[in-house]
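Only this structure's heavy atoms are used, side chains among them; waters, hydrogens and symmetry mates stay out.
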Amino acid sequence: MFVINEDIIKRLGLPSVEYVATTEGINVTADDVLILGVAREDVIKGRVERYVREFERFGRRKNMGQVRILFDGWEHDPREVYQIREITNWAARLLKNVPHLFYFLAPEDYAMRVFFMCIVDVKSRAGDKVSISKEEGKVLIEKVSKSAVSFAKKSKESVERQFHLAESILHELGYDETA
């Protein structure tokens, strides 16, 4: 995995990035990309409370489809994040506390798909192809989609945005491949 650091940002002329420990008190717009860095120590110790609070803030601001989760401290581990038991346990715990999590996850950059792989039982992997149980995948995709859409409805998102959210999740997670 390649991580874009400050030096690369300057060399490529990318816009500056502001790193903050929390978005509390910060004006976040609909165009902002929110990268939620999850500390390795928090994963290992199973701590999700700080992240649950952050998602509560995202909910109050309706940050639909803006969040990417980055697991810090695993860059030198040759495994994919969904192959690391500590991460998959942590991801399941976060989803239990934030069942509408997929409302927030960005469909771009595989952010949504990678998190999904952390919560589903991956049967095998060959290159960039991952195999899961079609039935389990279908049930879980429907579950996370329904929770996200319910949250969108509760947040008074327009019907158009609710449909867009559902379509984004179903498409990104490969729902059509579970039929």
Side-chain angles (χ1 to χ4, degrees), residues 1-5 8 17 19 23 33-56 58-59 63-152 165-179:
M1 174 197 301
F2 184 78
V3 178
I4 296 181
N5 59 32
I8 297 294
V17 177
Y19 294 97
T23 59
V33 173
L34 303 169
I35 300 174
L36 183 64
V38 179
R40 182 182 180 118
E41 183 178 344
D42 289 343
V43 169
I44 291 170
K45 293 186 176 179
R47 294 189 295 230
V48 297
E49 298 79 15
R50 179 172 84 84
Y51 306 97
V52 169
R53 284 192 304 275
E54 203 63 48
F55 279 103
E56 288 168 355
F58 296 156
N63 293 125
M64 183 170 90
Q66 289 182 260
V67 179
R68 290 151 177 88
I69 296 176
L70 176 69
F71 294 98
D72 294 327
W74 304 89
E75 296 82 10
H76 301 292
D77 193 310
R79 297 171 293 174
E80 297 292 337
V81 293
Y82 60 83
Q83 295 174 312
I84 301 171
R85 181 59 49 204
E86 295 90 345
I87 290 177
T88 60
N89 290 342
W90 186 91
R93 188 163 180 211
L94 180 65
L95 184 65
K96 183 177 180 185
N97 285 274
V98 187
H100 52 281
L101 179 71
F102 282 77
Y103 168 90
F104 303 106
L105 295 180
E108 302 85 15
D109 306 324
Y110 299 104
M112 195 180 283
R113 188 173 293 192
V114 169
F115 194 88
F116 182 74
M117 292 299 150
C118 289
I119 60 170
V120 72
D121 184 25
V122 174
K123 301 293 182 197
S124 65
R125 175 177 171 239
D128 64 349
K129 300 288 184 198
V130 175
S131 176
I132 65 171
S133 157
K134 284 188 177 190
E135 186 56 34
E136 179 192 5
K138 181 178 181 176
V139 169
L140 189 53
I141 292 169
E142 289 175 359
K143 180 180 176 182
V144 299
S145 298
K146 184 175 182 177
S147 293
V149 170
S150 293
F151 183 79
L165 173 65
E167 289 169 350
S168 294
I169 296 170
L170 295 172
H171 174 73
E172 185 60 27
L173 300 185
Y175 185 74
D176 57 335
E177 297 170 29
T178 65

With rounding to the nearest 0.5 angstrom, report the [atom1] to [atom2] distance, [X] to [Y].
{"X": "F115", "Y": "I87", "atom1": "CZ", "atom2": "CD1", "answer": "10.5 Å"}
{"X": "I169", "Y": "Y103", "atom1": "CD1", "atom2": "OH", "answer": "10.5 Å"}
{"X": "N89", "Y": "I84", "atom1": "CG", "atom2": "CD1", "answer": "11.5 Å"}
{"X": "R47", "Y": "D42", "atom1": "CZ", "atom2": "CG", "answer": "4.5 Å"}
{"X": "T178", "Y": "I132", "atom1": "OG1", "atom2": "CD1", "answer": "8.0 Å"}
{"X": "Q83", "Y": "C118", "atom1": "CD", "atom2": "SG", "answer": "10.0 Å"}

Under the 3.5 angstrom rule, does the side chain of E75 hit a backbone N or O of G73 as a donor-acceptor pair? yes
Heavy atoms only: give me the nearest [X]-[Y] pair and the separation to one decimal.
{"X": "D72", "Y": "G37", "value": "OD2-CA, 3.6 Å"}
{"X": "A166", "Y": "V149", "value": "CB-CG2, 3.8 Å"}
{"X": "G174", "Y": "I141", "value": "C-CD1, 4.4 Å"}
{"X": "G65", "Y": "P107", "value": "O-CD, 4.1 Å"}
{"X": "A152", "Y": "L165", "value": "CB-CD2, 3.9 Å"}

Are [X] and [Y] packed together at the side-chain level, in the sense that at least one heavy-atom pair is separated by less than 4.5 angstrom?
{"X": "K138", "Y": "Y175", "result": "yes"}
{"X": "R68", "Y": "E108", "result": "yes"}
{"X": "N97", "Y": "F55", "result": "no"}
{"X": "T88", "Y": "V122", "result": "no"}
{"X": "L94", "Y": "V38", "result": "no"}
{"X": "Y51", "Y": "L36", "result": "yes"}
{"X": "L101", "Y": "V144", "result": "no"}
{"X": "F116", "Y": "F102", "result": "yes"}

Salt bridge between E41 and K45, side-chain N to carboxylate O under 4.0 Å? yes
Salt bridge (charged side-chain N to carboxylate O under 4.0 Å, His left out) pairs, two or more places apart, involving residues 81-101: E49-R93
